[in-house]
Protein chains: 2
Amino acid sequence: MPDLDAIDRKILALLQNDSRLTMQELADKVGLSVSPCHRRVKLLEERGVISRYIATVDQKALGLHVSVFISIKLARQKEEDLNRFARAISKWDEVLECYLMTGNRDYLLRVVAADLASYETFLKTKLTRLDGIASIESSFALSQVKYSIALPV
Amino acid sequence: MPDLDAIDRKILALLQNDSRLTMQELADKVGLSVSPCHRRVKLLEERGVISRYIATVDQKALGLHVSVFISIKLARQKEEDLNRFARAISKWDEVLECYLMTGNRDYLLRVVAADLASYETFLKTKLTRLDGIASIESSFALSQVKYSIALPV
DNA sequence: CATGCTTTGGTAAATTATCCCAATATCCGC
DNA sequence: GCGGATATTGGGATAATTTACCAAAGCATG
């Protein structure tokens with residue numbers, strides 16, 4: 001995979017913040033004309049550097065006032081157990097992020113819910129019904145100080 | 001603010017996954033013609049329900065192989081201390097997420113870096129130089145099991 | 001200095017977004 | 001149920017944007 005030059009990185013930085021820039025605007029900002037700029041963007045898409053284009057939705061506008069981080073310890077950590085857990089997690093829309101962590105081999109989940117009641121429903125009807133979970137610990141976010149999808153380029 | 005009906009929610013669900021759908025495609029999927037579909041999208045934008053359109057970039061393609069969760073405890077938790085911390089955090093591109101947490105009033109940060117060396121540089125030249133930090137605890141992510149920006153609608 | 005390869009820039013065609021207006025549907029009081 | 005007011009829809013015309021093509025310019029290599 002060929003490396004990203006300075007212009008590619010500038011394109012990525014700009015599109016990570018606003019993918020609705022027209023090719024003309026983007027080209028102006030990176031100092032190219034439309035044609036080569038367009039070709040670079042297409043190439044970044046084909047190479048998978050740009051993976052998708054999405055709209056971001058305001059969490060409060062949807063009434064999702066609760067953000068929770070959940071630490072989970074499994075009873076066993078065989079590959080099969082990990083895979084089974086990952087498959088279950090992936091199906092649930094409330095779970096926005098899930099990471100396999102170092103240390104005591106826990107998972108860390110970020111979950112959103114409308115309120116504490118619906119979070120409780122999530123716990124009771126989904127998470128705690130999974131087999132093989134040794135412990136669950138919830139930490140609630142009081143506020144989102146920073147949230148960005150833009151990776152440093 | 002008027003409520004979101006079923007079609008609005010369908011629009012949001014679709015655009016959260018792919019904002020490059022044409023109005024024609026989007027209209028077909030939600031069962032409207034182009035005009036009212038377009039008007040609904042514009043309204044969702046104006047009301048701030050749709051906040052932005054962005055491109056997502058592949059973390060590995062950028063060589064960012066390290067994801068770290070950092071728990072931070074401040075020496076004092078007066079509003080001024082919290083604000084000062086928030087301002088500093090917000091400037092750093094390595095910090096993708098930062099939450100003020102309940103409990104012992106800690107912050108939880110998600111930070112990305114190219115490797116352990118550059119993570120160490122981030123710690124030494126930025127985070128640990130902040131005043132008023134009582135303790136820092138890093139937990140490393142072995143793998144990203146799930147990562148989504150799409151809120152449940 | 002010439003050759004081959006890569007990247008660029010401009011133009012034209014195709015696609016898509018956007019706006020306007022008439023028609024339809026929905027809601028409310030009676 | 002009925003009539004009127006309001007909100008929503010659908011189609012078509014126009015403007016904006018994307019996309020493909022080709023010639024020209026830059027760049028490294030021998």
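Every chain is numbered from 1, with letters handed out A, B, ... down the list of sequences.
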Trainee: Among side-chain atoms of B:Y147 and A:E97, is any donor-acceptor pair under 3.5 angstrom?
Mentor: no
Trainee: Using side-chain contact (heavy atoms from CB on, under 4.5 Å) as the criterion, point out the one residue from B:K10, B:R9, B:R40 that pairs with B:V30.
Mentor: B:K10
Trainee: Strictly by modelled atom types, are B:Q77 and B:D81 linked by a side-chain donor-acceptor pair under 3.5 Å?
Mentor: no
Trainee: Per the side-chain contact (heavy atoms from CB on, under 4.5 Å) rule, which among B:F69, B:F122, B:W92 passes with B:V111?
Mentor: B:F122
Trainee: Does A:R39 put a side-chain nitrogen or oxygen below 4.0 Å from OP1 or OP2 of C:dT6?
Mentor: no
Trainee: In the structure I gave you, are the side-chain heavy atoms of A:R110 and B:R110 within less than 4.5 Å of one another anywhere?
Mentor: no
Trainee: Is it the case that B:E94 and B:S118 place a side-chain donor and acceptor less than 3.5 Å from each other?
Mentor: no
Trainee: Which pair of heavy atoms, one from B:A114 and one from B:L64, lies closest together, and at what distance?
Mentor: N-CD2, 3.8 Å
Trainee: What integer distance in Å separates B:R40:CZ from D:dA7:P?
Mentor: 15 Å
Trainee: Using a 4.0 Å heavy-atom cut-off, write out nucleotides 16-22 of chain C from 5' to 3' as B (base contacted by protein), S (sugar-phosphate only) or - (no contact).
Mentor: SSBB---
Trainee: Taking distance alone, no hydrogens or angles, what donor-acceptor pairs closer than 3.5 Å link side-chain atoms of residues 129-141 of chain B to residues at least two apart or in another chain?
Mentor:
unit_1, atom_1, unit_2, atom_2, d
B:R129, NE, B:K124, O, 3.4
B:S138, OG, B:Y119, OH, 2.6

Trainee: Report the end-to-end axis angle of the helix from C:dC1-D:dG30 to C:dC30-D:dG1; each axis comes from five terminal pairs, and the value is rounded to 10°.
Mentor: 50°
Trainee: Which whole-number value in Å describes the distance from B:I7 CD1 to C:dA25 P?
Mentor: 14 Å
